[in-house]
Amino acid sequence: MHIAITRQVSPSIADCQLSYIPRQPIDLDLAVRQHAQYEALLTRLGCQVLQLPAQPQMPDSVFVEDAAIVLEELAIITRPGAPSRRAETLSIAAALEPYRRLVFIEEPGTVDGGDVLRVDHSIYVGITQRSNLHAIEQIRQVLQPYGYAVIGVPVTGCLHLKSAVTQVKKDTLLINPVWVAKASFAGMSFIEVHPDEPHAANALLIGESVIYPASSPRTAKRLEEHNVPVFAVDVSELEKAEGAVTCCSLIFEADAIHGERV
Ligand code: CIR
């Protein structure tokens, strides 16, 4: 089965990190409702949702994707680029421990899971203000024995690699070519975001469908024209915290949910 680890929205989300977008008021109740709708879509698409409790002291902790890179063979616990986010990894490590051998990124490496795009045995890692070459080298050393190629990818103009590009089909990436170069992804096909929707490249592929933000209808149409089934969810309040759909879950294969919730 697919397990999807999520975490309830922190009541302090208004104090989140922001890098490329201006701060706007966040409606916490609405954010909580939208997050619940997102979790309901995860369930509808076949995931067992393992929801962790909110962390009131950690404004960005709903964005669980940034704390780990989960592969079949092991999980890499990240060292997030923003110091305010480093403590988020402790409970994510505890939640993953029943399922995977854990490996930890060490200082001076920093990497956010939002910078890691896995396509089969290629692991693309964004080189951004959050993720550095030290971490990329550590990931390469850890994954080489398992046959993964680890490829550093320059990103400009947005927070994470997966703000700029995500997988939407076996060999197809949804991309904003202004923020990342297509040439970084040899052998792949591309669907470009609509030019009026620069933030539209973040789609969450589950099976052959995508969970996708309702804020990008023009790009959603492009996905549907390429026969990608789109399950839209309004995540306006999470978008104000510079997050979107991939960042709110860690999805992996496992036989069953183990142990207590963390
Ligand atoms: C941050 O700046 O770290 C958060 N406000 C947003 C993180 C979004 N994470 C993601 O896209 N993987």
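Nothing fancy with the numbering, it's 1 onward along the sequence. Indexing begins at 1, ligand by ligand and atom by atom, following the structure's order.
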Does Gln17 reach ligand 1 with a nitrogen or oxygen that is under 3.5 Å from one of the ligand's nitrogen or oxygen atoms? yes
Which atoms of ligand 1 are found less than 4.0 Å from any heavy atom of Gly114? 12 (N)
Considering both backbone and side-chain atoms of Asp60, is one of its nitrogen or oxygen atoms within less than 3.5 Å of a nitrogen or oxygen in ligand 1? yes
Does His160 approach ligand 1 within less than 4.0 angstrom via side chain, backbone, both or neither, non-hydrogen atoms only? side chain
Would you please say whether a donor-acceptor pair under 3.5 Å links the side chains of Thr6 and Gln51? no
Side chain, backbone, both or neither: which part of Asn202 has a heavy atom under 4.0 Å from ligand 1? neither
Yes or no: does Ala241 have any heavy atom under 4.0 Å from an atom of ligand 1? yes
Pairing donors with acceptors under 3.5 angstrom, does anything connect the side chains of Asp115 and Thr128? yes
Look at atom 10 (C) of ligand 1 and say which protein heavy atom is nearest, naming residue and atom and giving the distance to 0.1 Å. Cys247 CB, 3.0 Å
Those residues at least two apart in sequence (or on a different chain) that pass salt bridge (charged side-chain N to carboxylate O under 4.0 Å, His left out) with Arg130 are Asp112
Shortest non-hydrogen pair, Val235 vs Pro213, comes out as CG2-CB, 4.1 Å
Which atom of Thr78 lies closest to which atom of Gly113, heavy atoms considered: CG2-N, 4.1 Å
In terms of side-chain geometry, is the basic nitrogen of Arg222 or Glu192 positioned less than 4.0 Å from the acidic oxygen of its partner? no
Nearest non-hydrogen protein atom to atom 9 (N) of ligand 1, with distance, is Asp66 OD2, 2.8 Å
Residue list, side chain to side chain donor-acceptor pair (under 3.5 Å) with Thr43, at least two apart or on another chain: none
Option set Glu65, Arg130, Glu242, criterion heavy-atom distance to atom 1 (C) of ligand 1, minimum: Arg130
Distance-only N or O hit between ligand 1 and Cys16, under 3.5 Å: no
